[in-house]
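Quick note: numbers below take in every heavy atom, side chains included, and nothing from hydrogens, waters or symmetry partners. Within every chain, numbering begins at 1; the chains are lettered A, B, ... in the order of the sequence lines, protein sequences first and strands thereafter.
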Amino acid sequence: MIRLVRGFKDILPGETGLWQHVEELARELFGQFGFAEVRPPMLEQTELFARSIGADTDIVEKEMYTFTDQGGKSLTMRPEATASVVRAYIEHKLYAKDPVRKLYTLGPMFRRERPQKGRYRQFYQINAEVFGLHDPKADAELVFLLMTLMNRLEVPGVALHINSLGCNACRPRFKEALRSFLEGRTGQLCSDCLKRRGRNPLRIFDCKVATCKEAMVDAPSIVDHLCEECRNHFDMVQRALEGFGIPFEADHRLVRGLDYYTRTTFEVLGQSLGAQDAVAGGGRYDGLVKALGGPDQPGVGFAIGLDRLIDLLAERADRFEKRPHLFIAALGARAQESAFRWVQALRGQKIRAEMDFEDRSLKAQMRRANKLEASYALIVGDRELDDGAAVLRDLETKQQDQVPLQGLVEVVAGRIRSGPES
RNA sequence: GUGAGUGUAGCUCAGGCGGUAGAGCACCGGGUUGUGGCCCCGGUUGUCGAGGGUUCAAGUCCCUUCACUCACCCCA
């Protein structure tokens, strides 16, 4: 047997209804907020990701599906969407008509990580990006959009964390302050953190090793090192969020793994997700568009981890499965033909209808109707029945229970009186 | 890449000390019921993850391997 590739998964009937529901609701909401959908390809030139995400990041260093195609080009299955959306924004000069542009996209991403709960090698994201706005209200509105989606989906137990990472002016100064703080604590840091100290000391805030956590208790806080503009920006974002009535927690230890983020960053954490508890994350990336060869336009965006979001809603999956409304049971060959016509006619009226093709026992057919939770089962018979009157009586009582098809179908035990055309 | 746990019917799982497989659910047929959801009777289903070894004999012991799960790491 050929099995699926490690870290990949099939999304099966039973779950797809929930996926569709989430996607439909998201599309509707994004539309209401003025976002337009873009669909960039899943394959890009490798360089795009090296330049945007950062050549030193884990994603680019060891997690990308990269290969050389027959033309000798290095291509990569996208590990995230922002880079592609920015590329498209620049390439098609979407800023020309109006530099302010709100875009969203939805689809699979690929990273070759060790699979575990909430982490797959092909995973799905919904991404939203806003270009052309420096205003902190843009950050806040984007977060508001994200939390509104969580609310409409009735996602249980989520918490919003926000932070500011500063800009090119103040972040380097903070990094230095952090490094000198860590000078005296070399002995307490794990080997990973010692490496991080040189490259990206901010990441040490993330470490879960007990001694590292201890060492960081008195560490300087980024918020105390922000320049005036960044501090004001962060304050305004928080005030705007309060204005929207969104509860959040300012978390000065929140950092991001992608190099392009500046100023505002945020994360939505889901309880009950285990170690991979980030349902959504995002932030501002004011230098990215320019760095990729576009105009000097700012950006803010987020990505929702759909697989994790759906995990949080999984108990309700069954509710969104599409089932036939009506199951038509037929006894005998002639009844089968009539039933077949009926089923087609009903479908033509957008009623989900089903039947058995084999001439099986009534019991078997009823059992199947039941299993499908068809709200209604009709009997169309041309076979001699012991007590046709009883069948008819039974049907009539059911019709009263469950209205939708009254008048559409008229049936008697023993033979159909009116066909689909009548 | 590192570590731990698990791999027996479609699903959930039993299978002391080795003697070549079982239950419940599901599925199929029948009975009963006001010719459907309850109940009763009967039936089908397994390369016991894969490969090798020890043994007269291995699901059960040993080795290897693969997969899954969770955690580290990283991130959504």
Side-chain angles (χ1 to χ4, degrees), chain A residues 1 3-9 12 14 53 56-64 79-82 106-128 146 158 190-193 195-196 200 203 206-210 212 254-258 261 265-270 273-283 301-312 327 329 331 358 360-379 381 383-398 413:
Chain A
M1 183 171 58
R3 304 164 135 271
L4 50 68
V5 178
R6 178 172 166 80
F8 289 66
K9 68 172 176 181
L12 298 170
I53 300 170
D56 282 347
T57 57
D58 281 21
I59 295 176
V60 172
E61 266 187 354
K62 51 194 188 194
E63 294 174 359
M64 296 200 304
E80 61 111 33
T82 302
L106 189 161
M109 310 296 152
F110 304 85
R111 290 181 204 172
R112 199 181 178 290
E113 299 181 89
R114 188 81 175 262
Q116 84 189 55
K117 185 180 174 66
R119 196 169 76 185
Y120 307 96
R121 290 180 173 182
Q122 175 178 331
F123 59 101
Y124 294 81
Q125 287 190 341
I126 303 177
N127 280 258
L146 175 59
V158 290
C190 68
S191 57
D192 285 332
C193 284
K195 277 182 239 158
R196 290 179 184 126
N200 187 358
R203 295 225 63 87
D206 259 358
C207 190
K208 281 156 191 161
V209 175
C212 295
L254 173 62
V255 294
R256 311 257 78 220
L258 288 74
Y261 286 112
T265 57
F266 52 90
E267 232 172 52
V268 175
L269 272 21
L273 278 180
Q276 311 301 317
D277 62 351
V279 182
F302 66 70
I304 302 171
L306 265 181
D307 310 76
R308 293 178 189 176
L309 179 61
I310 276 161
D311 264 1
L312 289 171
F327 185 92
L331 291 175
E358 290 162 80
R360 303 204 297 157
S361 73
L362 183 62
K363 176 180 182 170
Q365 295 187 59
M366 288 316 232
R367 187 176 280 172
R368 187 161 147 70
N370 227 6
K371 170 136 287 183
L372 293 169
E373 290 176 45
S375 53
Y376 205 112
L378 287 178
I379 298 146
R383 183 186 281 175
E384 286 297 317
L385 295 172
D386 299 341
D387 184 7
V391 178
L392 185 56
R393 203 164 48 237
D394 195 35
L395 266 175
E396 280 168 348
T397 61
K398 289 221 164 113

(Q) Can you check the distance between B:G59 and B:U8, where both ends of the measurement are the C1' atom (answer in whole Å)? (A) 7 Å

Q: To the nearest Å, give me how far apart CZ (A:F110) and P (B:C75) are.
A: 20 Å

Q) What residues, two or more places apart in sequence or in another chain, satisfy side chain to side chain donor-acceptor pair (under 3.5 Å) together with A:E267? A) A:R256

**Q.** RNA chain B: stems of at least 3 consecutive Watson-Crick or G-U pairs whose donor-acceptor distances fall under 3.5 Å
**A.** B:1-7 with B:66-72, B:10-13 with B:22-25, B:27-31 with B:39-43, B:49-53 with B:61-65

Using a cut-off of under 3.5 Å, enumerate the N/O to N/O pairs linking the protein to nucleotides 68-72 of chain B.
residue : atom : partner : partner atom : Å
B:C68   : OP2  : A:R6    : NH1          : 2.5
B:C70   : OP2  : A:K117  : N            : 2.7
B:A71   : OP1  : A:A275  : N            : 2.8
B:A71   : OP2  : A:Q116  : NE2          : 3.1
B:C72   : N4   : A:R119  : NH2          : 3.3

Q: Mind calculating the distance between CE (A:M64) and P (B:C75) to the nearest angstrom?
A: 14 Å

Q | Partners passing side chain to side chain donor-acceptor pair (under 3.5 Å) against A:Y124 (at least two apart in sequence or in another chain) | A | A:Q122

Q) For A:Q365 and B:G29, what is the distance between atoms CD and C1' respectively, to the nearest whole Å? A) 15 Å

Q) Among all residues two or more places apart in sequence or in another chain, which pass the salt bridge (charged side-chain N to carboxylate O under 4.0 Å, His left out) test with A:D307? A) A:K9

Q: Can you tell me, in whole Å, how much space there is between the C1' of B:G52 and that of B:G15?
A: 25 Å

Q | Euclidean distance, atom CD1 of residue A:I126 to atom C1' of B:C75 [Å, nearest integer] | A | 17 Å

Q. Looking at residues at least two apart in the chain, or sitting in another chain, which of them share a side chain to side chain donor-acceptor pair (under 3.5 Å) with A:R121?
A. none

Q: Could you pull out all residues at least two apart from A:A364 that satisfy side chain to side chain contact (heavy atoms under 4.5 Å, CB included)?
A: A:R360, A:S361

Q) Mind checking the P distance from B:C48 to B:G42? Whole angstroms is fine. A) 28 Å

Q: Provide the distance between the two C1' atoms, one in B:C56 and one in B:A14, to the nearest whole Å.
A: 28 Å

Q) Sequence neighbours excluded, which residues qualify as side chain to side chain contact (heavy atoms under 4.5 Å, CB included) partners of A:L12? A) A:D10, A:E15

Q: Please identify each residue that fulfils side chain to side chain donor-acceptor pair (under 3.5 Å) with A:E63, with sequence neighbours left out.
A: none

Q: Using the C1' atom on both, measure B:G10 against B:A26 and round to a whole Å.
A: 7 Å

Q. Hey, which of these two, A:A364 or A:G305, hits RNA chain B nearer its 5' end, going by closest nucleotide?
A. A:A364

Q.
With rounding to the closest Å, how many angstrom separate the P atoms on B:G22 and B:G43?
A. 13 Å

Q.
In whole Å, measure the gap between the P atoms of B:C62 and B:C70 for me.
A. 27 Å

